Structures are given as structure tokens and as C-alpha cells.
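Single-structure report; data block below.
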Amino acid sequence: MKKTLAVLFACLLLALGVFALAACDDETPPPPGNTATGSETALSVYMPDGAPALAMAQLMSEEKQFTVGEGEDAAVFKPDYNVVDASTIQTYVTGKEPKADIAVLPVNAAANLLGTGETYKMLGAVTHGNIYILSANGEVKITSQNAKEMFQGKKIGCLQLDNFVGYILRTVLSKYDVEFEVRQDADEENETKKAYLYSVDGTAIVPTAPYDLMIAAEPVVNRKTSSGKLSVAGDMQALYGERGYPQAVLVAKTELIESSPAFIEAFTAAVAANATWIGTAPAKTLYDAVTGHFAKEGSAPTFNETDLTPQVLERCAIRFEAAAAIKDRVNGLLAELSAAAGKTFAAQDAFFYTPQADAA
């Protein structure tokens, strides 16, 4: 009898062991954004080449990860940082399953593509105007006092004419009552007081170009003027207004914000700290941080290590300002861009992240 009971007890223990193992096998890893005990979350971060990439240089240089909570309750977030060509950034935040959990893109594109706040929200602005006017005539100096006279009757070659840079150019021209027209043939003479605008790429911004003025952004501006044959003729930010404008903005998926507000606060704090860090970091460290994170193998930034001087970094206007603090400025800028571009850029209130509301 005792032997029979022992055998039955052993079988019971074996069955319980098998059940426990089966239960373990049925467990699944936590979904993205889950802050459950001991969770690890992989995230994808995308940003355009140029000043927006420099706005996350420290995070990339340190391959920064984020731990929220302590001990067994800690949740680890592991961003994968990717620098991409500026012309492709919108592809990472659109479609049925957008690749980017977090991204940086021009404010007009962010509002146009994501402005409902349903899929993404704006966390803040990371750059505040890095656009300058170049000329092969070193005597040309454009200020708010002479802007109308200096723009009238000029041929202007502009990078990204149908994106933020071109829309800011149109906005500034409108501010100074300068009529403008988009043209294709730069060889055609301008015999009117209109400013004729031409879409160009970086290779066309050279001293021998058939344009009176050319528009580009730092840090490319420094590269274009380093030979001394082109010089900075005007500051687009100063022509717009002393405070400049929110240019590149940081967005995150709404579901990530809602599930992991503590991580979002830690991430934005790190982006804010980056603005101070880049002012003291060696140029090589900054350059390597960007080049080491290009999503496309073999790609290179639009700037060189030698372009990353303290003066150039200052003109990149990199600093973090929270969405809630600059909501009115963003909406005002979007209205101006809409009027100048002849198309509507607008964002709903839900697009602007406010920690109290979104954490509730």
C-alpha cells in the first residue's frame, strides 16, 4: 500500500512539474512600450541629416539607453538611432505601420502628416532656424531695413524650395511685400521687380551659379562659404524675427507616450541636455556620432568635421523647447507658411504633447 501511495505521489509531482514548464513556455514578451517588471523595449529613432541629427549627437555618441524605475521594477528602453536623407524622413512616419517610434522632421511636414495627434504627438522643437542667404558678391548685405530693395528683381536659388526652407523664403518675401514667382529657366532675364525662385540642390550652390542669391542651411552653409568665394549675405531668422522659428520638431508615437510617459520625460530631458553637450564636444566626436548612424550603408553627412565649429553650431540654433510652451508660436508659423505656400499646414490641439494631460 505504501509503495502504491509513493508511486502515485511521484506521478503527481511529475505532472505538476510538466504543467509549470508548459506555463513558462506560454509566456510572451511584453509589447513595445510595456513598462512591466523587468521589461526591455527596442525603439527606432529616425532623424534627417544636418542640424536635426546634431540635435541628438550626444545620444548617438553614447548609444544612450534609458532605465525607468528601480530594481525588479526597472524597464529598459533601447533606442536604435538612424540618420537618413532629409528627403526621405516622412516615409518613416507614414503608412499603416510607421517604422519610427520617435522621429525628427520639419514642423510643416509634421503638422501636415501627423497633425491630428492620433498616431504621433509633437514633444517639442529641436532646432529654431539655421537658414542663411549666400551671395558671390561679398558686398551684398541684407537686413530688415533694406530687404525689399535687396530681394526685388533677384534670381534666388533655393534648397528644398517645396519644403520648409522654400516656404520660409516665401514667408520672408511676403513679410517685406516682395512679389515672387517660381521659374525653371535660370538663364531667362529678370526684368521685373519680382523675385524669381528656382529649386536647386546642393551641387548648384556655387560661386558661378546664375543666381543673385542662394538659400542654404547650416552646417552646409559653412562648407559652401569656406573657400571665400561665397559669403553669407543675410540671416533668414533675423529677417523673420529676432526669435527665429521652430523648424525641426521631435515627435513620438501616441501609444508610446501613453504607455511610457516616464520614458518620454527622460528622453526629452536627454535631448535638452544635448544642446549644452554639443558646445563642448570635439568636432570629431560630433561627426563620428552622425556618420556612425546612417541608416543607409555608405552614406555620408552633408557636412565635414571641419564645418562643426562653435560658430556654426551656434548658427544651427539647436535647443529643445517643449511643445506645450511653443504651441502658439508653432500655430502662428504654420499659418504664415500656409499663406505664403498656398497650401494649408495646421495641427490640432491633440498634436501638442502636454505631460499632465497625456499622463492622466
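All figures in this text were calculated on a predicted structure; none of them were measured in a lab. If you read the sequence from its start, that first residue is 1, and numbering goes on from there.
Looking at T192 and N190, their side chains do bring a donor and an acceptor atom within 3.5 Å of each other. For D85 and T88, the side-chain atoms include no donor-acceptor pair closer than 3.5 Å. Inspection of the T306 and N304 side chains reveals no N or O donor paired with an N or O acceptor under 3.5 Å. Side-chain polar atoms of Y245 and Q237 form a donor-acceptor pair below 3.5 angstrom.
Ring geometry for F66 against F267 counts as tilted: the plane angle lies between 30° and 60°, on a 0 to 90° scale. Taking the six-membered ring for Trp and thresholds of 30 and 60 degrees, F77 and F263 have nearly parallel ring planes, at less than 30 degrees apart.
A donor-acceptor distance shorter than 3.5 angstrom exists from the side chain of T127 to the backbone of A248, with no hydrogens or angles considered. When atom types are taken as modelled, the side chain of N82 and the backbone of Y46 share no donor-acceptor pair closer than 3.5 angstrom. With hydrogens and angles disregarded, a donor-acceptor distance shorter than 3.5 Å links the side chain of D101 to the backbone of S44. Side-chain atoms of K175 never come within 3.5 Å of backbone atoms of R170 as a donor-acceptor pair (strictly under, hydrogens ignored). For N274 (side chain) and L54 (main-chain N/O), a donor-acceptor pair under 3.5 Å exists by modelled atom type. In this structure, the side chain of K224 engages the main chain of G202 through a donor-acceptor pair within 3.5 Å. Remark: side-chain polar atoms of D288 are not paired, donor with acceptor, to backbone N or O of G292 under 3.5 angstrom. Side chain of K154 to main chain of M150: a donor-acceptor pair is present (N/O by atom type, distance under 3.5 Å, no hydrogens or angles). Counting only distance, with no hydrogens or angles, the side chain of S299 and the backbone of K296 share a donor-acceptor pair below 3.5 Å. Side chain of D212 to backbone of K155: a donor-acceptor contact under 3.5 angstrom is found.
No more than 12 heavy atoms of other residues, nucleotides or ligands lie within 6.0 Å of CD in E314, so this atom counts as exposed by the packing criterion. Around CD of E179, the count of heavy atoms belonging to other residues, nucleotides or ligands within 6.0 Å does not exceed 12.
Looking only at side-chain heavy atoms (C-beta outward), I89 and M47 stay at 4.5 Å or farther from each other. No side-chain heavy atom of V249 sits less than 4.5 Å from a side-chain heavy atom of L123. Residues M236 and I215 form a side-chain contact, since some pair of their non-hydrogen atoms from C-beta on lies under 4.5 Å apart. The closest side-chain heavy-atom distance from L286 to W277 is below 4.5 Å.
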Worksheet item: Does the salt bridge (charged side-chain N to carboxylate O under 4.0 Å, His left out) test come out yes or no for E139 and K141, once each step is laid out?
Response: CA-CA 6 Å; E139 301 298 317; K141 298 298 176 187; over 6 Å; no

Item to complete: Check the pair K78, E63 against salt bridge (charged side-chain N to carboxylate O under 4.0 Å, His left out), reporting the backbone distance first and the verdict last.
Response: CA-CA 9 Å; K78 298 183 174 182; E63 298 290 354; over 6 Å; no

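The two residues P246 and V107 have their closest heavy-atom pair at O-CG1, 3.3 Å.
Distance OH/Y196 to CZ/F180: 13.0 Å, rounded to 0.5 Å. Annotation: the span from K121 atom NZ to T116 atom OG1 amounts to 8.5 Å, rounded to 0.5 Å. Of the inter-residue distances, the one linking T119 atom OG1 with K96 atom NZ reads 13.5 Å to the nearest 0.5 angstrom. Rounded to the nearest 0.5 Å, atoms CG (D349) and CG (N331) are 7.5 Å apart. Note: K194 NZ to L197 CG = 10.5 Å, rounded to the nearest 0.5 Å. In this structure, CG in N108 is found 9.5 Å from CD in Q247, a value given to the nearest 0.5 Å.
One finds no salt bridge joining R315 and D235 here, because no Lys/Arg side-chain nitrogen approaches an Asp/Glu carboxylate oxygen to under 4.0 Å.
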Distance-only criterion, 3.5 Å: show the donor-acceptor pairs between side-chain atoms of residues 333-347 and protein atoms not counting sequence neighbours.
from: E336; atom 1: OE1; to: Y240; atom 2: OH; distance (Å): 2.4
from: S338; atom 1: OG; to: L334; atom 2: O; distance (Å): 2.7
from: S338; atom 1: OG; to: K343; atom 2: O; distance (Å): 3.4
from: S338; atom 1: OG; to: F345; atom 2: N; distance (Å): 2.7
from: S338; atom 1: OG; to: F345; atom 2: O; distance (Å): 3.3
from: K343; atom 1: NZ; to: Y167; atom 2: OH; distance (Å): 3.1

Exercise answer: donor-acceptor pairs, residues 55-62 side-chain atoms, under 3.5 Å, sequence neighbours excluded:
from: Q58; atom 1: NE2; to: E62; atom 2: OE2; distance (Å): 3.2

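Taking the centre and axis of the six-membered ring of F303, the NZ or CZ atom of R223 falls outside the cone set by 45° and 6.0 Å.
With sequence neighbours excluded, no residue forms a ring-ring contact (aromatic ring centres under 6.0 Å, His included) with F294.
Y198 and Y211 have their aromatic ring centers within a separation under 6.0 angstrom.
Residues L256 and V104 are members of one and the same hydrophobic cluster, defined by side-chain heavy-atom contacts under 4.5 angstrom among Ile, Leu, Val, Met, Phe, Trp and Tyr.
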